Amino acid sequence: MKAKSLFLGFVVGGVAAAAATLFTAPASGKDTRKYITVQSKSASIQIKELGKQLTDIKNQIVHVGEEGKVALSTLTEDVSSSIKQWKSEILPHQQNLQQEIANIEKSIAELEQTLKHANPMNKE
């Protein structure tokens with residue numbers, strides 16, 4: 001009920017404002033109607049142009065989103081490929097380092113044994 005009263009108030013207020021404007025207008029009724037017609041056509045054209053621009057913007061946003069999705073997919077594939085390539089390139093070096101570390105550990109163990117046998121006083 002309140003919404004109906006509010007709407008009725010707006011309608012009555014709008015009609016009263018329109019009537020007051022027409023009665024106090026500095027131009028004749030014919031000139032005022034012509035002015036209102038021209039302004040409404042102008043507003044209509046501007047609204048249509050705005051709608052067209054908004055549609056263009058929406059289409060551009062959709063296009064950019066699709067391009068971004070493709071670019072992100074490509075980037076993900078490139079990064080994954082680069083990581084796989086890096087891992088395959090580093091694997092021989094990693095294996096060589098592990099072998100060298102094992103050799104160093106073996107040499108240290110042999111050196112400790114040699115030192116133990118050379119110095120019989122040092123017992124652990």
Side-chain angles (χ1 to χ4, degrees):
M1 185 69 178
K2 289 182 180 182
K4 187 176 180 181
S5 298
L6 181 65
F7 178 71
L8 184 60
F10 278 123
V11 170
V12 171
V15 169
T21 302
L22 286 176
F23 290 131
T24 60
S28 69
K30 185 177 181 181
D31 291 341
T32 302
R33 284 190 296 275
K34 186 177 180 181
Y35 175 78
I36 289 173
T37 302
V38 169
Q39 291 301 317
S40 68
K41 286 180 182 178
S42 174
S44 176
I45 290 170
Q46 289 176 351
I47 288 172
K48 286 179 184 177
E49 183 62 30
L50 180 62
K52 185 190 246 185
Q53 289 174 356
L54 289 174
T55 301
D56 290 344
I57 289 171
K58 181 192 79 130
N59 290 339
Q60 289 174 355
I61 289 172
V62 168
H63 181 70
V64 167
E66 290 171 355
E67 285 183 353
K69 195 183 301 183
V70 169
L72 184 60
S73 176
T74 303
L75 176 67
T76 302
E77 290 172 7
D78 288 348
V79 168
S80 177
S81 174
S82 294
I83 289 172
K84 286 178 183 177
Q85 182 181 357
W86 177 78
K87 283 182 178 180
S88 68
E89 289 175 359
I90 199 73
L91 184 62
H93 300 292
Q94 182 182 10
Q95 291 170 343
N96 287 342
L97 286 173
Q98 288 173 344
Q99 182 62 41
E100 287 181 27
I101 290 171
N103 290 340
I104 291 172
E105 288 174 346
K106 183 179 175 185
S107 296
I108 290 173
E110 289 174 357
L111 183 60
E112 287 176 348
Q113 288 299 323
T114 303
L115 289 175
K116 274 186 187 178
H117 293 302
N119 187 3
M121 305 273 290
N122 188 9
K123 292 186 181 179
E124 291 183 25

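Heavy-atom basis, side chains included; hydrogens, waters and symmetry copies ignored. What you are looking at is a predicted structure, and each value in this text was computed from that prediction instead of being measured.
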J.: Under 3.5 Å, side chain of Ser40 to main-chain N/O of Ile36, donor-acceptor pair present?
T.: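 Here the side-chain-to-backbone pair exists.
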
J.: Which ILVMFWY residues can you reach from Ile104 by hopping between side chains whose heavy atoms are under 4.5 Å apart?
T.: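 Once heavy-atom contacts under 4.5 Å are chained together, Ile104 belongs with Ile108.
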
J.: Can you sort out the partners of Ile45 under side-chain contact (heavy atoms from CB on, under 4.5 Å), two or more places apart, ordered by chain and number?
T.: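 Once residues adjacent in sequence are excluded, Ile45 has no partner under the side-chain contact (heavy atoms from CB on, under 4.5 Å) criterion.
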
J.: Nearest 0.5 Å please: distance from the CD atom of Glu100 over to the CD atom of Gln95.
T.: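 That separation rounds to 12.5 Å.
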
J.: Using the test side chain to side chain donor-acceptor pair (under 3.5 Å), find all partners of Gln46 that sit at least two apart in sequence or belong to another chain.
T.: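 With neighbours one apart ignored, the set is empty.
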
J.: Can you list everything that forms a side-chain contact (heavy atoms from CB on, under 4.5 Å) with Ile101? Sequence neighbours excluded, please.
T.: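 By the side-chain contact (heavy atoms from CB on, under 4.5 Å) rule, Ile101 matches Glu105.
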
J.: Among residues at least two apart in sequence or on other chains, which ones pass side-chain contact (heavy atoms from CB on, under 4.5 Å) with Gln53?
T.: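 With neighbours one apart ignored, the set is Glu49, Leu50.
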
J.: Which donor-acceptor pairs under 3.5 Å do side chains of residues 58-65 form with protein atoms, sequence neighbours excluded?
T.:
residue	atom	partner	partner atom	Å
Asn59	ND2	Thr55	O	3.3
His63	NE2	Glu67	OE2	2.5

J.: To the nearest 0.5 Å, what is the distance between CD1 on Ile47 and CG on Leu54?
T.: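 Here the interatomic distance stands at 11.5 Å.
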
J.: Do any side-chain atoms of residues 75-86 form donor-acceptor pairs under 3.5 angstrom with protein atoms, and if so which ones, sequence neighbours left out?
T.:
residue	atom	partner	partner atom	Å
Thr76	OG1	Leu72	O	2.8
Ser82	OG	Asp78	O	3.0
Gln85	NE2	Glu89	OE2	3.0

